[in-house]
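Down below is the structure, laid out as structure tokens.
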Amino acid sequence: MAVLAPTQCKLLTGPAAASAQLLLAIAAFSGLVYKRSLEYPQRPYKVWSMDVSKQVVSSAAAHVCGMIIAVLASRAQAHEVSSCAWYFVAFSFDTTLGVSIAIIFHKAAVKWAKQIASRQGPEDMSWQKALAECGSYGDPPSFRRFYIQLAEFSVAVIIGRVICGSLVILGRGVLIHVAALLDNLFYGHPTALLYFVMVMCPLCMNLVQALVQDAVLKFKKDGKSSPKTQQSLESDSQHLLSPRNASAAGTSQQTRGSPVMDGRNIQQV
């Protein structure tokens, strides 16, 4: 039987809960801004904001699902453990197993879309083609492409959260001991527990999760270069390696290395 604090920690009640969630959102967004400052080359602000918006919407949906799962788990145990402690358990599952599941579903959806798009013409504007080029919104950026990719990734994140939530509900008979231990550690300090499970612990986990998701959502061209760029590089390589150009390059190199052609030597002569 869990030893309960005089006042149980609650996720959705009071100004402390609202301020904790606000601090969490600010911390995650600051991490993304810092990551962009380290990028080279940097994505245009409009493209970067679209990538970040996908994370904001999907993370908000996952956050709501997590709170619902925590409330359901706490009610299923007749309030023996607070919803804050259950949120910590559900969040721990989500940032480990849940993120992996979401990325697997996301990559599977993109791979399927690429297979469909490969059989379509270059002028086809189907939603499969928009999904196949994840992180690319066209030139100029198209909100239609953005909304398609946003919907897909949000669904992938929610699927991951629901799977993790189901595991938490099914395994609550064992996990209740972990949640009860957390409640007992913060006995008599429900606000401290709230900030621990909503700010301190998620601060590190959410930053890592946001950075991983940002790397997944960022547009990566196949082969790290566009077909046009790759073709241009191959053409330049063949041109430089042709016998005539190789001979000319060698002669030019010898000429540049000759002291007779040095400007200062010519002046001295």
Side-chain angles (χ1 to χ4, degrees), residues 1-32 55-56 58-105 156-213:
M1 181 68 66
V3 179
L4 295 180
T7 303
Q8 239 184 25
C9 175
K10 297 183 182 299
L11 288 173
L12 305 174
T13 305
S19 61
Q21 297 186 48
L22 180 61
L23 285 175
L24 182 61
I26 293 174
F29 183 76
S30 300
L32 291 172
Q55 290 201 62
V56 170
S58 60
S59 297
H63 182 61
V64 172
C65 290
M67 290 190 294
I68 293 174
I69 292 168
V71 171
L72 292 176
S74 63
R75 288 180 178 178
Q77 292 297 327
H79 297 282
E80 292 181 356
V81 178
S82 69
S83 57
C84 292
W86 276 115
Y87 182 83
F88 172 80
V89 173
F91 186 82
S92 300
F93 267 77
D94 177 67
T95 51
T96 52
L97 180 61
V99 172
S100 301
I101 294 174
I103 291 176
I104 290 172
F105 272 92
V157 169
I158 292 174
I159 289 175
R161 176 66 85 168
V162 169
I163 292 176
C164 289
S166 300
L167 294 176
V168 170
I169 297 297
L170 293 174
R172 62 182 180 271
V174 175
L175 296 175
I176 189 175
H177 300 292
V178 178
L181 176 62
L182 189 63
D183 264 338
N184 293 336
L185 289 175
F186 287 88
Y187 180 82
H189 304 283
T191 303
L193 175 58
L194 174 66
Y195 275 90
F196 176 78
V197 301
M198 293 294 290
V199 180
M200 294 178 63
C201 182
L203 180 61
C204 296
M205 293 186 180
N206 263 355
L207 282 176
V208 174
Q209 177 180 342
L211 296 178
V212 170
Q213 290 180 347

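When a residue number appears, it is its place in the shown sequence, counting from 1.
Between A179 and A85, the shortest heavy-atom distance links the atoms O-CB, 3.3 Å. Shortest non-hydrogen contact noted between G160 and I101 is CA-CG2, 3.8 Å. Of all heavy-atom pairs between A90 and R161, the closest is O-NH1, 3.7 Å.
S19 and Y195 form a side-chain donor-acceptor contact under 3.5 Å, judged by distance and modelled atom types alone.
Looking only at distances, no side-chain donor or acceptor of D183 sits under 3.5 Å from a matching main-chain atom of V81.
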Mind running side chain to side chain contact (heavy atoms under 4.5 Å, CB included) on L182 and F196 for me, showing each step along the way? CA-CA 10 Å; L182 189 63; F196 176 78; 3.8 Å; yes
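Here the CG-CZ distance, from L181 to F186, works out to 10.5 Å after rounding to the nearest 0.5 Å. To the nearest 0.5 Å, atom SG of residue C164 and atom CG of residue L97 are 4.0 Å apart. Note that SG of C84 and CE of M67 are 11.0 Å apart. Values are rounded to the nearest 0.5 Å. Distance OG/S83 to CD1/I69: 13.0 Å, rounded to 0.5 Å.
Of the candidates I169, V197, V178, V168, W86 forms a side chain to side chain contact (heavy atoms under 4.5 Å, CB included) with just one, namely V168.
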